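It should be emphasised that the depicted structure is a prediction, and the values quoted were computed from it without experimental measurement. Residue numbers begin at 1 in each chain, while the letters A, B, ... track the order of the sequences.
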Number of protein chains: 2
Amino acid sequence: MSRQMVRPGGRSARVQASVHAAVRELASEVGRDALTVPLVAQRAGVTPSTIYRRWGDLQELLSDVAVERLRPDTAPGDHGALASDLTAWAEQFLDEMASPGGRAYIRDALLGDPDGSNAGQCSAYAADQIDFILTRAAERGEKTPDVETVIDRVVAPTMYRILFRPDGLDAAYARRLVAEILGLTGP
Amino acid sequence: MSRQMVRPGGRSARVQASVHAAVRELASEVGRDALTVPLVAQRAGVTPSTIYRRWGDLQELLSDVAVERLRPDTAPGDHGALASDLTAWAEQFLDEMASPGGRAYIRDALLGDPDGSNAGQCSAYAADQIDFILTRAAERGEKTPDVETVIDRVVAPTMYRILFRPDGLDAAYARRLVAEILGLTGP
DNA sequence: CGCCAGACGCAATGATTTTGCTTTAAGGTG
DNA sequence: CACCTTAAAGCAAAATCATTGCGTCTGGCG
């Protein structure tokens, strides 16, 4: 489980915010690979032992930060039809996740995550977005696949290729995945 | 790139074998999380600096060992028909990969792998196995999907769920994925 | 056989991680 | 509102780990 359930508003929350901010700042200043716990601690105005005690090690801290950054900040756009909604979402998803930064976040999220809860959280984000799109389509009266199917047929192939075969990924691939799944469910 | 291209038979090869063996032994004795470079070095009869110089850090070493262990050691079995060959392979794949040990290896392989070549290697192993099955089926005269399709529709969903949603995975899931893809390609 | 290049061992150095103890601050209680 | 309890943070010492320069050895090649 993530270390998110700290008392909100207290000193713990300030420390967490400060440490997270320090990670993000330093990652963009000196590069993700140059991060160390003492470095982050110094920037955050905190002692290293605080970080070690709260997060265990650098990987778990990075995993925490990564999950936070992988949380979608906007609801999927409304293009009037399931096909265009899902296509647009899949293209954006691929685009964000396949970028160097996105891939680093995914790896970090998977990495310092002994019990898999951070990874589960990432998956839940995607599932929520898809559910939102599908529910909206259903309210329009469109026939829709279910969330699990979209995850298996769109999200999973995308993530698999990002992680295991980073070459030759483009928006056309995402479009093709969506077209194939809708072709099955459609008319 | 993996450190496999050492001169075979020389001292380098002995060191590599010894270090790999030490990692496997210690992983099962003290647990994967308790591994440290000095510990491995001691068991392997090697100085830590040797490991640091050859592998860089513990993660890259673990990644190396993981890829080696993820290499299939046997060709996919012949059950006389594409459907049964692919189903059996998918069930075994899921079974091996979803086990606690398998998941740890996958994560290690993804982890210490700055350029993605180890992960690519893992994917290539699966692709080879699938290609073998499909080619055999084609020689029997069966109509087959192509390798990329099987990866997208069987391997990717399996791996995605292993990494991101480890719950509720069983052989039936693998069978369903295979049934769905063959239903599409078949009569 | 002797040379060369690469790989290893050794040891010193510097950085990180861990740990015991103390101090602080948040939240609850009388 | 003052007090008490407890979780979390600070501090500092000790242990462990990572890095690096240099000398030695192994194995391959002319």
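- Both B:Tyr173 and B:Trp89 belong to a common hydrophobic cluster when Ile, Leu, Val, Met, Phe, Trp and Tyr are linked at side-chain heavy-atom distances under 4.5 angstrom.
- Between A:Arg54 atom CZ and D:dG10 atom C1' there is a gap of 14 Å when expressed in whole angstrom units.
- We find that CH2 of A:Trp55 is positioned 7 Å from P of D:dA9, with the value rounded to whole Å.
- Annotation: of the two residues near DNA chain C, A:Leu39 and B:Val15, the 5′-most nearest-nucleotide partner is B:Val15.
- The A:Pro38 side chain lies nearest to C:dT16 when the options are D:dC17, C:dT16, D:dT26.
- Note: CD (A:Gln42) to P (C:dT16) measures 10 Å, nearest angstrom.
- Checking the phosphate oxygens (OP1, OP2) of C:dA7, no side-chain nitrogen or oxygen of B:Arg14 falls inside 4.0 Å.
- Counting to the nearest Å, the P atom of D:dC11 and the CD1 atom of A:Ile51 are 14 Å from each other.
- Regarding B:Asp57, its CG atom lies at a distance of 21 Å from the P atom of D:dT16, rounded to whole Å.
- Distance from the side chain of B:Thr50 is smallest for C:dG9 among the nucleotides C:dG9, D:dA8, D:dG10.
- Rounded to whole angstrom, the span from the CZ atom of A:Arg53 across to the P atom of D:dA12 amounts to 14 Å.
- A donor and an acceptor atom, one from each side chain of A:Ser63 and A:Asn118, are located under 3.5 Å apart.
- Atom-to-atom, CG of A:Leu35 to C1' of C:dT16 comes out at 14 Å; the value is rounded to the nearest Å.
- Within 3.5 Å, no donor on the side chain of B:Ser12 pairs with an acceptor on the base of C:dC8, nor the reverse.
- Considering only the side chain of B:Thr47, C:dG9 comes nearest among D:dA9, C:dG9, C:dA7.
- B:Thr149 and B:Asp152 form no side-chain donor-acceptor contact under 3.5 Å, judged by distance and modelled atom types alone.
- Side-chain atoms of A:Ser123 and B:Tyr160 include a donor-acceptor pair closer than 3.5 Å.
- Interface remark: the B:Ser49 side chain does not form any donor-acceptor pair with the C:dC8 base, using a distance-only criterion of under 3.5 Å.
- Among the atoms of the strands shown, only primed sugar atoms or phosphate atoms (P, OP1, OP2) are found under 4.0 Å from some heavy atom of A:Thr36.
- With 3.5 Å as the limit, one finds a donor-acceptor pair spanning the side chains of A:Gln16 and A:Arg54.
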